Structure formats: C-alpha cells, structure tokens
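Throughout, protein chains are lettered first and strands after them, A, B, ... in sequence-line order, and every chain is numbered starting at 1. Treat the numbers as computed from the prediction; the structure is a model and nothing was measured.
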Number of protein chains: 2
Amino acid sequence: MSAESARSTTRGRARLSRERVLSSALILADESGIGSLTIRSLADAMGTRPMSIYHYVANKDEILDSLVDLVFSEIDLPSDVGGWRSGMYRRAHSVRAVLRRHTWAIGLLESRTSPGGATLRHHEATLGVLRRAGFSVKLTSHAYALLDSYIYGFALQEAALPLNGSEPVAQVAEPMVQQFSDGRYPYLYEIATERVLQPGYNFGDEFDIGLKVILDSLEGWISHRPG
Amino acid sequence: MSAESARSTTRGRARLSRERVLSSALILADESGIGSLTIRSLADAMGTRPMSIYHYVANKDEILDSLVDLVFSEIDLPSDVGGWRSGMYRRAHSVRAVLRRHTWAIGLLESRTSPGGATLRHHEATLGVLRRAGFSVKLTSHAYALLDSYIYGFALQEAALPLNGSEPVAQVAEPMVQQFSDGRYPYLYEIATERVLQPGYNFGDEFDIGLKVILDSLEGWISHRPG
DNA sequence: ATCGGTTTTCGTACTATGTACGAAATGGGC
DNA sequence: GCCCATTTCGTACATAGTACGAAAACCGAT
C-alpha cells in the first residue's frame with residue numbers, strides 16, 4: 001500500500017498510543033456509559049487485546065484520571081476580551097456544555113483529587129481573568145468557589161434529572177406525577193404540573209437565571225469591598 | 001439466654017432485614033469507601049453470607065439507590081420557623097454536612113435518576129417553605145435550582161479537594177505548589193501561597209459567603225418580581 | 001539481507017465481583 | 001410433632017482488572 005501513515009503496523013490496525021487509548025475510552029464512555037468502559041471493551045473498540053493497553057497506561061484508574069483531564073481540555077479557556085463578566089459567562093456555558101456531553105465525568109470528579117495538566121491550565125486561565133479584572137486574591141477565591149459550585153452543581157442536577165433522553169418530558173414524568181396526585185406531595189405536584197410539565201419548560205433554561213444572579217453579585221464586588 | 005430480642009436467630013447473629021442491610025452498607029461505604037462496598041464485604045460485616053442479602057434487595061444497584069435515599073433522610077427537613085431565609089440557610093448547611101459525611105453519595109447522584117421516598121419528602125418540604133414564603137411557582141423553581149446547584153456543587157468541590165483528611169493543608173499541598181513555582185501557573189501559585197496555604201484558611205468557610213450572596217438575591221425576589 | 005537489542009503486543013491465568021439457581025435450614029401455627 | 005412459608009446459603013458461572021512473561025514486530029548497524 002502506498003502512503004500509509006507511519007503510525008500503522010503490518011496488520012490493518014493503526015498503532016496504539018496513549019492518546020488513542022484515551023480518546024477511544026472517551027468515546028466509549030460517551031456512547032455506552034462509564035459502566036461499560038472496561039479494559040476488554042476498550043480493547044475491542046480499538047481492535048486490539050486487553051493487555052496491550054497496559055503498555056500505555058498503568059491501570060484503569062489512570063485512564064479515569066486522564067479522562068477527567070481530557071474532558072477539562074474540551075472547555076474553552078476564558079479570555080479577557082469583552083470584559084471579565086463576558087469571559088466568565090462564556091466559560092460557565094462552556095463548562096456546562098462539556099459536562100453535558102460527558103455526564104459520567106461529574107461522578108468521576110468526586111473521587112479524583114489530583115488535577116491533570118488541562119485542569120490546571122483551565123483553573124489558571126480562569127483565575128487570571130478574575131485577577132486581572134481587579135478582584136483581589138481573597139475575592140477571587142470567593143468568586144471562584146461560588147461560580148464553580150454553581151456550575152458543577154447545575155451540571156450534576158441536570159445529569160440526575162429523572163428524565164434524560166429526548167422523549168418529551170411529559171411522557172416520562174407522567175407516572176411519577178401520578179404518585180404525587182394522592183396528596184402526599186402537594187408542592188411537588190404543583191411545581192410539576194404548573195411548571196415542569198408545561199410545554200416549553202426546559203430545566204436547562206434555569207442555568208442562565210442563576211448565573212445572572214451570581215455574576216450580578218460579583219459585579220458589586222469590584223467597586224465596593226465585601227472581602 | 002433470657003430476654004433476647006425477637007429479631008435474633010438461633011445462631012448468634014441478629015436477624016437480617018432490609019434496614020440492617022442498608023445501614024450496614026452505609027457504614028461500610030463511609031468507612032472504606034464506596035469502592036469497597038461489595039456484596040461479600042457487606043455480608044462479612046453483617047456476619048452472614050453473600051447470597052442471604054439478596055433476600056432483602058434485588059441487586060446491588062438497588063442498594064446504591066437506597067443508600068442515596070438513606071443519605072437524603074439524614075438531612076433535616078426545613079421548616080418555616082424563623083422565616084424562609086433561616087429555613088433555607090439551615091437546610092443548606094444540613095445538606096452540606098450530610099454530603100460531607102457521605103461524600104461517595106455525590107458521585108452516586110449523577111447516575112441515579114429515580115428519587116426515593118426520603119428524597120421526595122425532602123424536596124416537598126423545601127418547596128413548601130419557599131412557596132409559603134411567597135415565592136411564585138416560577139420563582140420557586142428558579143430559587144430551588146439555584147440553591148441546590150450551589151449546595152451540591154460546593155459539596156462536590158469539597159469532595160474533590162486535592163487535600164482530604166486531617167493533615168495540615170500545607171503539607172499535602174507543598175509538592176503541588178512546587179510544581180507551580182516554575183512560573184507556568186502564576187495565578188494558581190499566587191492564590192495557593194497567598195490564600196489557600198495561609199494558616200487558618202479553610203475552603204469550607206467559602207460556603208457561607210456564596211450562600212449569603214444567593215440568599216440575598218432571593219430576598220429581592222419576593223418584594224419585586226423578576227420572574 | 002542479517003543480526004541483536006528495544007519496543008510493542010498479547011496469551012494465559014489468577015483473583016475479585018455480581019448474582020442465578022436451587023437446596024437446606026429455620027420458624028411458626030396447627 | 002408436622003407442614004408449609006420464610007430465610008439462609010452453597011455452588012457455580014460470567015465478567016472484571018491485571019500480573020507475568022513470552023512472542024512478535026521493529027529498527028539501526030553491519
């Protein structure tokens with residue numbers, strides 16, 4: 001065969017690499033869920049054998065660590081252009097979009113305590129925008145904790161919504177609301193029927209509302225000094 | 001032996017029950033991490049055999065679902081006394097305290113989409129406080145999404161802190177900060193040295209600051225009408 | 001082309017896990 | 001003491017992660 005990539009081997013398959021292992025793992029997790037990401041299924045997906053993977057990663061846990069970092073690398077690094085508020089707004093949306101694509105990453109976050117390179121770069125860029133905008137170190141820590149708590153928490157709630165998938169909300173929620181109608185959960189029933197099940201309601205729309213509240217508050221921090 | 005509990009059997013062990021299975025599972029998860037919660041280890045902890053457990057639960061996934069609900073049941077139900085703000089403040093702290101005791105529950109949340117009874121009761125009570133305080137249905141949904149996003153997200157960040165355990169923060173973070181000092185992460189270095197590593201700094205203290213911001217904003221929603 | 005060392009791939013096998021499928025043990029009313 | 005429902009559990013299988021070392025592929029020097 002003529003100009004075959006240097007990264008191929010005598011057999012048909014492209015040569016393995018750490019990057020290929022990780023990107024295949026990411027795709028597999030997205031497609032079948034993190035629970036279906038096994039060394040064997042990963043090997044299958046790559047057309048290789050389980051033990052070959054271990055030449056590129058120490059163990060599965062290292063794959064999971066790296067996946068989280070890979071997910072972070074998909075988040076657009078915030079910049080100063082347009083002002084800090086615009087930068088933080090766009091970053092928030094980027095984080096949420098990424099975590100929606102890879103919801104399993106949220107669950108992974110809880111157990112992974114050593115940030116990877118992309119994660120560090122991401123934090124560095126975000127801190128930079130805040131500091132250069134005039135937030136003191138102290139206010140920056142307050143602002144960052146507040147923003148990220150909100151963003152991660154929102155993503156977590158979205159992931160845990162009783163209705164995930166593209167079915168109309170009403171269909172999936174119907175039986176659940178049935179349970180409410182016996183009067184045991186009047187407020188849940190109310191908010192379900194009068195709001196969540198109304199045509200056009202989309203939990204995702206709540207994101208901007210809360211985000212605005214937070215950004216508005218931060219705005220006040222720059223001129224005045226509550227920290 | 002004389003007055004032995006009715007819930008015991010000829011052999012020494014207390015009789016099994018769904019409750020005992022679940023509370024043992026909770027303890028085991030707290031003590032050894034959710035990863036060490038296996039049917040066999042659970043059976044060991046209860047002095048029984050693996051397959052006996054399956055008389056009380058359908059499968060392990062049902063245990064995990066129930067554990068999440070059990071965790072929710074530990075959260076103090078909010079009440080109206082002292083006003084909605086006080087109720088929401090105390091609820092927020094109760095949720096955080098519970099999730100700190102059972103950090104593994106945060107990771108579980110992402111994958112569990114059918115709320116249990118305690119979870120429903122908790123939501124019901126919280127919605128009630130907000131509605132009775134005068135928040136419209138719409139504003140209540142905004143407020144609840146905002147509050148819970150913040151609380152869960154904060155708990156998630158706490159769980160993912162590179163430093164967990166009682167060691168002095170500085171000790172654990174030293175090598176990490178070393179990595180920053182080469183100038184690649186100036187802002188991370190700055191915030192680490194000037195803030196996070198300062199004696200007395202405690203990430204948990206950030207909780208009240210963000211919570212106050214949110215509650216202050218909600219306060220404005222009752223009199224005026226941004227929803 | 002050949003050879004020798006390096007890198008990469010992978011076969012085998014062991015341990016841990018969830019749990020299906022009955023069988024055995026237990027308990028409680030008659 | 002007997003019978004049936006409940007509870008406990010032994011055995012066994014499929015699926016995981018991965019240790020260990022052998023085989024294969026690769027590559028530069030001759």
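Checking the phosphate oxygens (OP1, OP2) of D/dT8, no side-chain nitrogen or oxygen of B/H55 falls inside 4.0 Å. Applying the 4.0 Å criterion to OP1 and OP2 of C/dA16, one finds that B/T38 has every side-chain N and O outside that range. Listed pair A/Y54 / C/dT9 fails the phosphate criterion, with no side-chain N or O lying under 4.0 Å from OP1 or OP2. Proximity of A/R49 to the phosphate of C/dG11: a side-chain N or O atom is located under 4.0 Å from OP1 or OP2. Proximity of B/Y56 to the phosphate of D/dT7: no side-chain N or O atom is located under 4.0 Å from OP1 or OP2.
Checked against C/dG27, C/dT19, D/dT18, the side chain of B/R15 finds its nearest nucleotide in C/dG27. Among the nucleotides D/dA16, D/dT7, C/dT17, the one closest to the side chain of A/R40 is D/dA16.
To the nearest angstrom, P of C/dT26 lies 14 Å from CG of B/L16. Atom P of nucleotide D/dT7 and atom CE of B/M46 are separated by 14 Å, given to the nearest angstrom. Here the C1' atom of nucleotide D/dA16 and the CD1 atom of A/I53 are 13 Å apart, to the nearest Å. Rounded to whole Å, the distance from CE on A/M51 to P on D/dG17 is 11 Å. Put simply, CD1 on A/I39 is 19 Å from P on C/dT12, counting in whole angstrom units. Whole-Å rounding puts the B/L42 CG to D/dC9 P distance at 13 Å. Between the P atom of D/dA14 and the NZ atom of B/K60 lies a distance of 21 Å, rounded to the nearest Å. For A/I34 and D/dA16, the CD1 to C1' distance is 15 Å, given to the nearest whole Å.
Contact annotation: the side chain of B/H122 never approaches that of B/P115 to less than 4.5 Å [non-hydrogen atoms, C-beta and beyond].
Across all strands, A/S52 comes closer than 4.0 Å to base atoms (heavy-atom distances).
Residues A/Y144 and A/H123 place their aromatic rings such that the two centres sit under 6.0 Å apart.
Ring orientation note: the planes of B/F203 and B/F154 are close to parallel, at an angle under 30° on the 30°/60° scale. Aromatic ring orientation, A/F207 versus A/Y150: parallel (interplanar angle below 30°, classes split at 30° and 60°).
Within 6.0 Å of CZ on B/R195 lie more than 12 heavy atoms contributed by other residues, nucleotides or ligands.
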